[in-house]
Amino acid sequence: MRIPFTEAWKRSYLLRATLIVIGMQVVMVVLIFYAPLELDKKVGLAASASLPLFALALLQLGRALVSQRASFVTDYISKYYTEAGLSETFNYLAATYSDDIFKQVLESAKSPDLQKLPQSMFTCLGELNDQRPEGRRFYHPDYFQGSLEEIRLDSLLGYLDVIGYHYVHGLLRMQDITGMIGYQLAVVSSREVIRHYLKESGRSWWERTGIYKDTAVQPPYTYLRILIKEFKAYNLKHYEIQKKTLEQHQRKIEGQLAKLERDKTA
């Protein structure tokens, strides 16, 4: 199968380097010998020899950054698919924890028994957790501190927070993230129980604890919150692009069908 030039350009470091060096050399020769500028030819020839080396150094730096990004994707992001704990936590504490179930949990939180024993939230949920062992139970994010569910959920959100850190600092592209864990991030960002937990563990809670009130320490999951916001904006943008493309394609088909009808009646 023939590879388009644009794809070959993206994939081949040697092709990019060769074309850039040739292009810079041609430009320098034109400037030195043909442009209406008074340039010292010795200086121009020296620049002609050094600029390609500078360009190659920049290309090599860019290639190193791409390699570093690829290594992070391979070694860290892929942990979701190679470590059962992360995928299990996602499945039981996020994916299967629907908003309807969370509404039932919120109702259970009104139990008088819960007011006396806040840590007894799991027993107040009754039948909801009958078939779920410890570590997989439905939970109330305000009343599960110290439980195995909290530990596992923090591990999952911390994993995503590290990805958010790399994204915020320009070490990962959004297309890398959506390509690997787009579905998982979409679920985490849309579940009401997770949104509740992230909201309650934000700056206001951080300051209420009094421990880090007057420091520069970031609240938990700061980068995850930024990542979720950017992820939603990215998806909306591409949705609009795809929608516009589909509408154009539909109009084209409708025009072709209309032409066929006219030809039939002609």
Peer 1: The criterion is side-chain hydrogen bond (donor to acceptor under 3.5 Å, both in side chains); which residues satisfy it with E88, sequence neighbours excluded?
Peer 2: R136, R152
Peer 1: Is it true that, when you exclude Q256 itself, more than 12 heavy atoms of the residues, nucleotides or ligands shown sit nearer than 6.0 Å to its CD?
Peer 2: yes
Peer 1: Please say whether more than 12 non-hydrogen atoms of neighbouring residues, nucleotides or ligands are located less than 6.0 Å from NZ in K237.
Peer 2: no
Peer 1: Which heavy-atom pair separates L125 from S108 by the least distance, and what is that distance?
Peer 2: CD2-CB, 3.7 Å
Peer 1: Which value, rounded to the nearest 0.5 Å, describes the distance between L198 atom CG and H196 atom NE2?
Peer 2: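 Result: 10.5 Å between the selected atoms.
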Peer 1: Could you tell me whether the side chain of V188 reaches within less than 4.5 Å of the side chain of F90, counting heavy atoms only?
Peer 2: yes
Peer 1: Can you name the nearest heavy-atom pair linking A186 to S189, along with the distance?
Peer 2: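 That would be O-OG, 3.0 Å.
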Peer 1: Quick one: does any side-chain atom of Y221 pair with a main-chain N or O of L160 as donor and acceptor, under 3.5 Å?
Peer 2: no
Peer 1: If the threshold is 4.0 Å, N to carboxylate O, is there a salt bridge linking E107 and K110?
Peer 2: yes
Peer 1: Crowded around E127 CD? As in, over 12 foreign heavy atoms under 6.0 Å?
Peer 2: no
Peer 1: Is a donor on one side and an acceptor on the other found under 3.5 Å between the side chain of T96 and the backbone of N91?
Peer 2: yes
Peer 1: Mind checking whether Y234 and H238 have ring centres under 6.0 Å apart?
Peer 2: yes
Peer 1: Please assess Y80 against I163 for the test side-chain contact (heavy atoms from CB on, under 4.5 Å), listing each intermediate value before the final yes or no.
Peer 2: CA-CA 12 Å; Y80 175 83; I163 295 174; over 6 Å; no
Peer 1: Mind checking whether K229 and R225 have side chains closer than 4.5 Å, heavy atoms only?
Peer 2: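 Side chain of K229 against side chain of R225, heavy atoms only: no contact under 4.5 Å found.
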Peer 1: Within the distance-only criterion (no hydrogens, no angle test), does the side chain of R137 pair as donor or acceptor with the backbone N or O of Y92 below 3.5 angstrom?
Peer 2: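 Between the backbone of Y92 and the side chain of R137 there is no qualifying donor-acceptor contact (under 3.5 Å).
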Peer 1: Think R191 forms a cation-pi with F102, using NZ or CZ under 6.0 Å from the six-ring centre and within 45 degrees of its axis?
Peer 2: no
Peer 1: Under 6.0 Å between ring centres, would you say that holds for F138 and Y97?
Peer 2: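 Yes.
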Peer 1: Start with the C-alpha distance between F231 and T178, add both sets of side-chain angles, then the distance that settles side-chain contact (heavy atoms from CB on, under 4.5 Å), and finish with yes or no.
Peer 2: CA-CA 8 Å; F231 173 74; T178 56; 3.6 Å; yes
Peer 1: Would you compute the distance between atom CD of Q104 and atom CD1 of I101 and round it to the nearest 0.5 angstrom?
Peer 2: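 Answer rounded to 0.5 Å: 6.5 Å.
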Peer 1: Does NE2 belonging to H249 count more than 12 external heavy atoms closer than 6.0 Å?
Peer 2: no
Peer 1: Has the side chain of E149 got a donor or acceptor atom that lies under 3.5 Å from a matching backbone atom of Q145?
Peer 2: no
Peer 1: Taking the six-membered ring for Trp, is the centroid-to-centroid distance between F144 and F122 below 6.0 Å?
Peer 2: no
Peer 1: Working to the nearest 0.5 angstrom, can you tell me the gap between S87 OG and L156 CG?
Peer 2: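 Answer for the OG-CG pair, S87 versus L156, is 10.0 Å.
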Peer 1: Could you state whether Y143 and L106 fall into the same hydrophobic cluster, counting links through intermediate Ile, Leu, Val, Met, Phe, Trp or Tyr residues with side-chain heavy atoms under 4.5 angstrom apart?
Peer 2: yes
Peer 1: Between K199 and P141, is there a side-chain heavy-atom distance shorter than 4.5 Å?
Peer 2: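 No, every pair of side-chain atoms sits at 4.5 Å or beyond.
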Peer 1: Under 4.5 Å between side-chain heavy atoms, hopping through other hydrophobics if needed: is there a path connecting L93 to I151?
Peer 2: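 No, separate clusters.
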Peer 1: Looking at every non-hydrogen atom in both residues, tell me the closest pair between Y167 and R173 and how far apart they are.
Peer 2: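 Here Y167 and R173 meet closest at CD1-C, 4.3 Å.
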Peer 1: Got a second to check how far T245's OG1 is from Q242's CD, nearest 0.5 Å?
Peer 2: 7.5 Å
Peer 1: Shared ILVMFWY cluster between L148 and V193, side chains joined below 4.5 angstrom?
Peer 2: no
Peer 1: With the 4.5 Å side-chain cut-off for hydrophobic clustering, are Y183 and Y159 part of the same group?
Peer 2: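 They do share one cluster, since a chain of ILVMFWY contacts under 4.5 Å joins Y183 to Y159.
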Peer 1: Just do the side-chain contact (heavy atoms from CB on, under 4.5 Å) check on L227 and Y165 with the steps written out, would you?
Peer 2: CA-CA 8 Å; L227 176 62; Y165 173 88; over 6 Å; no
Peer 1: Would a single hydrophobic cluster contain both L86 and V162, if residues Ile, Leu, Val, Met, Phe, Trp and Tyr are joined by side-chain heavy-atom contacts under 4.5 Å?
Peer 2: yes
Peer 1: Apply the test side-chain contact (heavy atoms from CB on, under 4.5 Å) to residues D176 and I77: give CA-CA distance (whole Å), side-chain angles for both, the deciding distance (0.1 Å), then the verdict.
Peer 2: CA-CA 10 Å; D176 297 323; I77 295 184; 5.7 Å; no
Peer 1: Assess the residue pair R195 and E192 against the criterion (salt bridge (Lys or Arg N to Asp or Glu O under 4.0 Å)); give the C-alpha distance rounded to whole Å, side-chain angles, the decisive distance to 0.1 Å, and a yes or no.
Peer 2: CA-CA 5 Å; R195 294 168 67 178; E192 285 297 327; 3.3 Å; yes
Peer 1: Indicate the atoms forming the closest heavy-atom contact of P219 with S201, along with that distance.
Peer 2: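 The answer is CB-O, 4.2 Å.
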Peer 1: Using atom types as modelled and distance alone, determine if a side-chain donor or acceptor of E150 lies under 3.5 Å from a backbone N or O of G146.
Peer 2: yes
